[in-house]
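Heads up: the structure comes next, in structure tokens.
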Amino acid sequence: MSNDRASRHLPIIISLIIGLALTMLPLPRALDIIRPDWLALIIIFWALSAPRSYGVGIAFLVGIVLDVSQGTLLGQHALGLTVIAYITARFHLQMRVFPLLQLTAFVFALNALYRFLLFWVNGVAGISAPAVSYWGPVLSCLVIWPLLFTFMSGIRYRAQTRG
């Protein structure tokens, strides 16, 4: 792998590792209920920015890693992340021209779909959890997305101009 290719992939790999670390970070129960879905937001960002390189395949691999690290049903997060990555990659040209507020609404809908898929898989498996544990992260993602998008766009810009 050339140095140029490695420098292009490095921000993506680091952001996914940081997202996994933030997802696994122990929090008190009151804060854990509203923990944002960091990996879902990062997958959406990269699927929006570079859909051909970082779309469905990366989302599936990250989902499997997340399933194994959290001890959930194998494939649960992989299914959810793959679906939202596919929708983002499919509509990335339309989403790119959205103003930030409209993009935030679309990301809110994607996160609600992701959480619904997790809720559905757990329901089929007979695992119950309070509703706030499913829908609290959707609301926190609504608040976090504009900040994360701005921050990650700056990182992506610097990585492109440097490389």
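Along the sequence shown, residues carry numbers from 1.
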Donor-acceptor under 3.5 Å ([X] side chain, [Y] main chain):
X: Arg35; Y: Pro137; result: no
X: Asp67; Y: Gln76; result: yes
X: Ser153; Y: Thr150; result: no
X: Thr88; Y: Ile44; result: no
X: Arg52; Y: Ala89; result: no
X: Arg115; Y: Asp37; result: no

Is there a chain of hydrophobic side chains (I, L, V, M, F, W, Y, each step under 4.5 Å between heavy atoms) that links [X] to [Y]?
X: Val68; Y: Leu66; result: no
X: Leu117; Y: Phe119; result: yes
X: Ile14; Y: Trp46; result: yes
X: Ile58; Y: Ile17; result: no
X: Val143; Y: Leu41; result: no

task: Begin with the C-alpha distance, continue with both residues' side-chain angles, and end with the deciding distance and a verdict on side chain to side chain contact (heavy atoms under 4.5 Å, CB included) for Tyr54 and Ile43.
output: CA-CA 8 Å; Tyr54 308 104; Ile43 290 289; over 6 Å; no

Counting only heavy atoms not in [X], do more than 12 sit closer than 6.0 Å to its [atom1] atom?
X: Arg90; atom1: CZ; result: no
X: Tyr86; atom1: OH; result: no
X: Phe60; atom1: CZ; result: no
X: Leu147; atom1: CG; result: yes

Please find the pair of heavy atoms, one from [X] and one from [Y], that lie closest to each other, and give the distance.
X: Ile144; Y: Pro36; value: CG1-CG, 3.8 Å
X: Leu100; Y: Thr104; value: O-OG1, 2.7 Å
X: Tyr134; Y: Leu118; value: CE2-C, 4.0 Å
X: Ile42; Y: Gly19; value: CD1-CA, 3.6 Å

Is any side-chain heavy atom of [X] closer than 4.5 Å to a side-chain heavy atom of [Y]?
X: Leu110; Y: Tyr114; result: no
X: Phe45; Y: Leu148; result: no
X: Ser15; Y: Ile155; result: no
X: Val121; Y: Thr72; result: no

message: Does Trp38 form a side chain to side chain contact (heavy atoms under 4.5 Å, CB included) with Ile18? I'd like the steps, not just the answer.
response: CA-CA 9 Å; Trp38 293 106; Ile18 290 172; over 6 Å; no

